[in-house]
6 protein chains.
Amino acid sequence: MPYVNVKITKENLTSEKKKALIKGITELLQNLLEKNPQTTIIIIDEVETDNWGIGGETVTDRRKRGL
Amino acid sequence: MPYVNVKITKENLTSEKKKALIKGITELLQNLLEKNPQTTIIIIDEVETDNWGIGGETVTDRRKRGL
Amino acid sequence: MPYVNVKITKENLTSEKKKALIKGITELLQNLLEKNPQTTIIIIDEVETDNWGIGGETVTDRRKRGL
Amino acid sequence: MPYVNVKITKENLTSEKKKALIKGITELLQNLLEKNPQTTIIIIDEVETDNWGIGGETVTDRRKRGL
Amino acid sequence: MPYVNVKITKENLTSEKKKALIKGITELLQNLLEKNPQTTIIIIDEVETDNWGIGGETVTDRRKRGL
Amino acid sequence: MPYVNVKITKENLTSEKKKALIKGITELLQNLLEKNPQTTIIIIDEVETDNWGIGGETVTDRRKRGL
């Protein structure tokens with residue numbers, strides 16, 4: 001019954017990667033905490049780099065500086 | 001003053017349905033909990049089926065299997 | 001499969017009210033959007049009035065002023 | 001290390017405004033709470049006016065009425 | 001730089017389990033998506049069973065029925 | 001009408017600091033984005049250090065190491 005929300009910057013995440021991420025987190029919750037995978041919900045939010053700030057600046061600006 | 005966030009898969013939700021959902025939840029909070037509708041905020045997030053996992057797989061894959 | 005998060009101020013919400021709220025939102029999503037109640041998750045967060053701001057002040061301060 | 005999520009309606013928010021918002025909130029957390037800006041994350045969600053409800057109606061409908 | 005929020009029912013989750021969960025998800029994001037663990041934030045919310053609904057009822061009521 | 005959620009570790013945040021944080025963010029949104037403070041909602045979540053992970057470990061463990 002867990003609910004997991006993953007927020008990452010929108011930068012070419014493929015469907016295959018999303019599948020692997022969903023499978024991996026679901027299995028982790030099952031193995032570690034015995035949570036039923038049938039009611040484990042994982043939601044991935046891909047956030048534009050303009051809309052993600054860290055260190056007081058946008059990720060867009062960090063990418064320009066090679067970070 | 002309540003805040004409600006509804007996350008559903010992005011699958012042809014019409015404006016009319018959204019209006020009805022917002023109206024319905026707002027009324028429920030008013031009737032049940034006497035919450036003021038004027039400061040009740042409802043946000044609907046429509047999530048791509050590739051980005052929603054349940055049962056360890058994406059909803060995209062489940063839809064292909066007829067679920 | 002929807003996920004709903006309701007945030008309200010922590011002010012004597014009884015178990016009975018919580019049950020009614022969960023039942024009501026689940027039914028609304030079933031009736032309006034044909035969502036399966038068996039995988040509809042509702043999470044209620046009760047937030048201390050010191051931690052909820054509106055109009056630039058805490059709800060604690062608003063309550064003192066009779067709002 | 002704080003995490004801040006700002007949700008606003010999607011209505012022509014420029015990159016410059018986003019930068020200023022991220023910078024402003026990060027500085028506020030540093031000045032008020034001595035939080036390290038290097039691990040302060042700010043995420044801005046821009047929500048379609050059809051998907052934002054207040055007062056029991058969508059912001060789209062409110063905008064039509066001049067609100 | 002990812003942000004992950006895990007919500008689970010509050011039912012005797014030990015500090016050791018929390019550590020393992022945080023470590024596991026952080027490693028998964030590093031291995032799968034090459035995300036920097038130093039800025040990967042994981043927040044675990046433990047939710048009272050009275051405040052978690054699934055299938056239109058609270059988890060408290062489900063537990064009483066042996067589910 | 002914005003909604004802002006601030007998550008910080010639970011470490012002796014006073015009511016005065018909370019008031020200042022709520023006031024500061026509300027004013028920032030008003031000054032930068034012309035958002036109406038009367039419908040600006042700010043919610044502060046204080047998270048136990050056991051439940052907050054960064055760098056693959058809990059903040060509890062980091063604090064023990066002087067970080």
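Lettering of chains follows the sequences in order, A, B, ..., and the numbering in each one begins at 1.
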_Out of L28(F), I42(F), L13(F), return the one with the most heavy atom pairs under 4.5 angstrom to chain D._
L28(F)
_Can you tell me which portion of T39(F) sits under 4.5 Å from chain D's heavy atoms? Options are side chain, backbone, both or neither._
side chain
_Nearest 0.5 Å, please: how far is CG in L33(F) from NZ in K18(D)?_
11.0 Å
_Counting only non-hydrogen atoms closer than 4.5 Å, does L21(F) touch chain D with its backbone (N, CA, C, O), its side chain (CB onward), both, or neither?_
both
_Please rank V47(D), I54(D), I41(D) by heavy-atom pairs under 4.5 Å with chain F and give me the top one._
I54(D)
*Could you tell me which non-hydrogen atom of W52(F) sits nearest to which non-hydrogen atom of Y3(D), and how far apart they are?*
CH2-N, 4.0 Å
_Residue K23(F) excluded, over 12 heavy atoms near NZ under 6.0 Å_ = no
*For I43(F), is it the side chain, the backbone, both, or neither that has a heavy atom closer than 4.5 Å to a heavy atom of chain D?*
neither
*Taking the side chain as C-beta and beyond, is there a heavy-atom pair between T9(D) and K35(F) under 4.5 Å?*
yes
*Measure distances from V59(F) to the heavy atoms of chain D and classify the residue's part below 4.5 Å as side chain, backbone, both or neither.*
side chain
*With a 4.5 angstrom heavy-atom cut-off, could you sort out which part of I25(F) is near chain D: side chain, backbone, both or neither?*
both
